[in-house]
Number of protein chains: 2
Amino acid sequence: MGTTQLETVPEPKYWHLRTVLSEALDSEFSVGEILPNERDLAARFGVARATLRQALEQLELEGRLQRRRGVGTTVAPPRMGVSVGTARHAWPGGPNDAWQAHDCALEVPPAAVAETLVTGRDEPVHVVRRSRVSRGQPVAAELLYIPAGSVPDLTAIDAPSGTARARAVLRELQRLELERQENAVELGSARADDAKELDRLPGAPVLVVTTRFLSRGRTAALSVATYRADTCRLTFGDSGGVEIHHGPERHAS
Amino acid sequence: MGTTQLETVPEPKYWHLRTVLSEALDSEFSVGEILPNERDLAARFGVARATLRQALEQLELEGRLQRRRGVGTTVAPPRMGVSVGTARHAWPGGPNDAWQAHDCALEVPPAAVAETLVTGRDEPVHVVRRSRVSRGQPVAAELLYIPAGSVPDLTAIDAPSGTARARAVLRELQRLELERQENAVELGSARADDAKELDRLPGAPVLVVTTRFLSRGRTAALSVATYRADTCRLTFGDSGGVEIHHGPERHAS
DNA sequence: CAGTGGTCTAGACCACACG
DNA sequence: GTGTGGTCTAGACCACTGG
């Protein structure tokens, strides 16, 4: 007789809470608005903070919320469509390729990368770090692996590393007739360095896009780009992307 | 001198634990092997079970582990490459399209879908449910939205719903000259029905692929497919996909 | 400084699979 | 039944942001 089980829900609390909050976001909040803090929300719904957080995590994963330590939880705008298609302008080193080169170093790539590049183990390759910004916020961090054989004319460049070196490598790469071979997308979690670049915490969910570029039948470069999964919708094909978003959206007035 | 801080780690415990476990998986475990249970593991590492679980969740998200209630935690095989490219055989209703039709109903689609289909609000459309199996396990659940206008010759079909109806709709669709227009990929969490189909719990991370099909310039169908994010690597392009998997040495730099 | 989200603990009970 | 992972609690302290 002690049970206070007013509602027989085989559904977990956090999942039900997610639904309730999701509907509240649609009807009672506008983009950018700040939610009550977690302790207040938990008290309001009569659950432990950990349970409330489980619901918030779900909503953040779905791109509905944005949480920042020391600041608060805000309603996120609809995900932005980010083109990862075959458009010419997306070519590495091409004009207006949406990427900003940061750095370049000669490093030994991970085993899986070396395998795809068909280079020897422990054979260093050029690694160009680039980042991509869209609508004022960072959306992707990329590592471009380029075998030394792909850009043989680099002896003329004196800069051993740094931005200048990165641009030089890209310039050389651009002279090749690159052909995009394949893409793959999978879920991953941001490594510490990527997380910093993406303004997220380590372990944040990311969409990892790997692309292989061919030149005269050989693998000339391999790109591993990590996109923020919470804010990005990846679009393939040359157009901007379908405008599909979830639920009604109200904007601050 | 009183600090027992043997290691000055600004790193969270669960993240460090994730790394340790990840390396252990590479060197000491083989695919399919069962890990010790969570209580034992937590005790072994001297952390609370919740913390240990946080690390396991990360590894599951990355496709390294598979956890099943009542059974245990096992080492997952490398993610399988699943083609979502433009290959002919992937056409809805085409022969060997890798999909199995389950059901069909006339329903009012979500607002976002109706918008893309350019149908009126509250106007019902055919909704075909399909599922996709690869290597013996379910990898995707799909909802195919087809405006009634796309398949006008369905009055001859008497089955109001069910598998027969679904196949009939697909057969009609196949007679159109479909043109794949766009794809988008984003992270989502499995709804209850999808989760059941994918043999996962509600809220499990999924990759949502939306595809628009055109016929004579009009949107003839819209596919919303949810793929298991833990087991699948989506490949675009007509070939099988690059064989990139996470071996030992996942981390660069 | 005060307030926020992030991490962590030590328990408890539940839902499920399997013998 | 036993044993597993899944959910939930009520606290505590930490790391960060901003006034």
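The chains referred to below are lettered A, B, ... by the order of the sequence lines, with proteins before strands, and numbering in each begins at 1.
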message = Tell me whether the rings of A:Y227 and A:W99 are parallel (<30°), tilted (30 to 60°) or perpendicular (>60°).
response = perpendicular
Heavy-atom check, side chain of A:N183 versus side chain of A:V209, under 4.5 Å = yes
inquiry  = Checking contacts here: which listed nucleotide (D:dT9, C:dC8, C:dG5) is nearest the side-chain heavy atoms of A:A50?
reply    = D:dT9
Given D:dC8, C:dG6, C:dC8, the nucleotide with the shortest approach to the side chain of A:R69 = C:dG6
ask   = Does B:R39 make a side-chain donor-acceptor contact with the base of D:dG3, cut-off 3.5 Å?
value = no
task = Output yes when A:D194 and A:R228 qualify as a salt bridge under the 4.0 Å nitrogen-oxygen rule, no when they do not.
result = no
query = In whole angstrom, what separates B:L52's CG from C:dA10's C1'?
reply = 14 Å
query = Considering residues at least two apart in sequence or located in another chain, which fulfil the side-chain contact (heavy atoms from CB on, under 4.5 Å) criterion with B:Q58?
reply = A:S189, B:Y14, B:W15, B:R18, B:E62
ask   = Is the distance from OP1 or OP2 of D:dT7 to the nearest side-chain N or O of A:T51 less than 4.0 Å?
value = no
key: Phosphate-side-chain proximity, A:N37 and C:dG3, N/O vs OP1/OP2 below 4.0 Å   = no
query = Counting side-chain heavy atoms from CB outward, which of D:dG18, C:dC8, D:dA10 is closest to A:A48?
reply = D:dA10
key: Rounded distance (Å) that lies between atom C1' of C:dC16 and atom CZ of B:R67   = 15 Å
ask   = More 5' along DNA chain C: B:G70 or A:G70, using each one's nearest nucleotide?
value = A:G70
key: Whole angstrom value for the distance that separates P of C:dG5 from CG of A:L65   = 11 Å
inquiry  = Can you see if the side chain of A:Y14 gets near the phosphate of D:dT7 - specifically, an N or O under 4.0 Å from OP1 or OP2?
reply    = yes
message = Mind checking if B:R68 touches a base, just sugar-phosphate, or nothing, with heavy atoms under 4.0 Å?
response = sugar-phosphate
ask   = Between atom CZ in A:R49 and atom P in C:dT7, what is the gap in whole Å?
value = 11 Å
Length of the CD-C1' vector between A:Q58 and D:dG6, whole Å = 13 Å
request  = Return the value, rounded to whole Å, for the distance between atom CG of A:L17 and atom P of D:dT7.
outcome  = 14 Å
task = Run the salt-bridge test on B:D230 and B:R200 with the 4.0 Å N-O cut-off and return the result as yes or no.
result = yes
Nearest-Å distance for atom pair NZ/C1', residues B:K196 and C:dC16 = 15 Å
request  = Take atom CD of A:E11 and atom C1' of C:dA15, then tell me their distance rounded to the nearest Å.
outcome  = 15 Å
task = Determine the contact category for B:L56: base if any of its heavy atoms lies under 4.0 Å from a base atom, sugar-phosphate if only primed atoms, P, OP1 or OP2 are that close, otherwise nothing.
result = nothing
inquiry  = For D:dT9 and A:K13 - does any side-chain N or O of the residue sit under 4.0 Å from the phosphate oxygens OP1/OP2?
reply    = yes
inquiry  = Any carboxylate oxygen within less than 4.0 angstrom of a Lys/Arg side-chain nitrogen, looking at B:E142 and B:R129?
reply    = no
task = Look at the side chain of B:V71 and decide which nucleotide, out of D:dG6, C:dG6, C:dC18, has an atom nearest to it.
result = C:dC18
Any B:T73 side-chain N or O less than 4.0 Å from OP1/OP2 of D:dT4 = no
